[in-house]
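Everything on this sheet refers to the single structure shown next.
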Amino acid sequence: MPQPSRVTLAAAALAALLAASPARAQQTATPTAAKVVDEKAFKLDDPGLYANADLSYVLTSGNSSASSLGFKGDLTRLWGKHALGFATGGIRASSASADSRYAVGTPDDFEVRVPDAETTAESYYGRGRYDYKLSDRVFYTAGAGWERNRFSGIDNRWVADTGIGYIFLNNERTSFRGTAGVTWTNEDYTIEDGRDGSFFGARLGWDFRQKLFENTTFTHTLIADENLEETDDLRVDAQFGLHVAMSSTLGLKVNWRLLWDNLPALSEVPLLGSGGASTGLTVVAPYKELDQGFSVSLVFSFAPPKKG
């Protein structure tokens, strides 16, 4: 099959997923206790400035109302043995279902209304990272970041990390890098549960990229954070992506994200009686351990011209 046909089919598949995404608007998952994965591009260390920006937006209206806006951008500067990167992003989703409709007027003369959509998910993050190449395969890495996700009980989380990385593969088709290091975390929770929000931890992670076709790339990233002061507090962030480049600057990306927190934050929920009636009381319960999300987005990229 000629290569252009492969690209066309891949782009068509992504477009179909994008068209179907409004049905998933109310299922948007956001980061929980896991730190956002560093998605720095896997380049062959050519010096220059690299930039990426992802944007996704979904809107539905009528009998129900829902919207979802996601954005992500990163900027990396490579020179010599050094790499300096910055990234920021966030997501906001809101919805109002058909079951929440209400009528205004009299039994013979009324108007049905759909209430304003309420925010159901909202999270933001920012981070910076510095890498220094110690040899052809070994590098030093250090970074700091902030995130907020009140719908998972995290009001603020600051994380600083440092460690050593190893480059297992790095060629035109395949790149695989692993890192191990230590972290310091400071967390503020929406509901205090007596836990110490400041602690030292250990980190293990990797980044993998495989070029499937000329314009189609599969990516996978994983990062695991262990609280060394309370070992039950383990967090894992895993992502799987498929990127189709439609031009040198524009592409489509499908991304599936899994976030697992073995010791999630607490939430306050209303207590209902046996018949479903409100008791006027609330109870404190942990959030779910697993959070996941699926997204389709447009990707805008910038890279220095290839040499030769």
Side-chain angles (χ1 to χ4, degrees), residues 14-33 53-73 88-126 147-157 188-193 252 254-259 261 264-298:
L14 285 174
L17 286 169
L18 182 61
S21 59
R24 292 179 167 266
Q26 299 182 37
Q27 304 176 25
T28 303
T30 56
T32 55
D54 296 18
L55 179 65
S56 61
Y57 181 67
V58 175
L59 174 65
T60 61
S61 61
N63 290 316
S64 63
S65 174
S67 65
S68 175
L69 174 64
F71 67 93
K72 180 174 59 178
T88 185
I91 186 171
R92 188 179 189 276
S94 60
S95 66
S97 67
D99 294 337
S100 61
R101 294 185 305 165
Y102 62 93
V104 176
T106 66
D108 297 324
D109 183 15
F110 60 85
E111 178 185 358
V112 176
R113 298 179 181 178
V114 178
D116 294 335
E118 296 183 357
T119 302
T120 56
E122 187 175 26
S123 68
Y124 306 98
Y125 72 87
E147 66 175 287
R148 169 175 293 167
N149 188 353
R150 293 188 174 127
F151 282 85
S152 289
I154 304 299
D155 197 26
N156 290 288
R157 173 184 285 132
D188 298 322
Y189 309 109
T190 55
I191 296 181
E192 294 299 331
D193 57 3
L252 283 173
V254 172
N255 193 70
W256 179 37
R257 188 174 192 181
L258 297 170
L259 299 137
D261 185 357
L266 299 179
S267 63
E268 192 174 46
V269 295
L271 178 65
L272 304 182
S274 57
S278 174
T279 64
L281 303 174
T282 60
V283 295
V284 176
Y287 284 92
K288 291 184 178 181
E289 295 180 355
L290 180 65
D291 203 1
Q292 59 180 316
F294 177 85
S295 64
V296 181
S297 57
L298 285 173

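- With T282 contributing its side chain and E268 its backbone, the two residues share no donor-acceptor pair below 3.5 Å.
- Scanning all heavy atoms of the two residues, the minimum distance from T120 to S95 falls at CG2-OG, 3.4 Å.
- Here R92 contributes atom CZ and S68 contributes atom OG; the two are 10.5 Å apart, rounded to the nearest 0.5 Å.
- Summarising the geometry, atom OG1 belonging to T88 is positioned 11.5 Å from atom NZ belonging to K72; distances are rounded to the nearest 0.5 Å.
- Minimum interatomic distance between S56 and V296 (heavy atoms only, all atoms of both residues): CB-O, 3.3 Å.
- Nearest heavy atom pair, residue Y287 against residue G153, reads CE1-N, 3.5 Å.
- Atom CG of D54 is separated from atom CG of L298 by 9.0 Å, given to the nearest 0.5 angstrom.
- Although no hydrogens or angles enter the test, the distance criterion places no donor-acceptor pair under 3.5 Å between the side chain of R150 and the main chain of D155.
- For the pair L266/P286, a side-chain contact is recorded, criterion being any heavy-atom separation below 4.5 Å from C-beta on.
- Put simply, CZ on F151 and OG1 on T190 are 10.5 Å apart, with the number rounded to the nearest 0.5 Å.
- Within the model, atoms CD1 of I154 and CG of D261 stand 7.5 Å from one another, a figure rounded to the nearest 0.5 Å.
- For the residue pair D291 and S152, the shortest heavy atom distance occurs at OD2-OG, 4.1 Å.
- Between Y57 atom OH and F71 atom CZ the span is 14.5 Å, to the nearest 0.5 Å.
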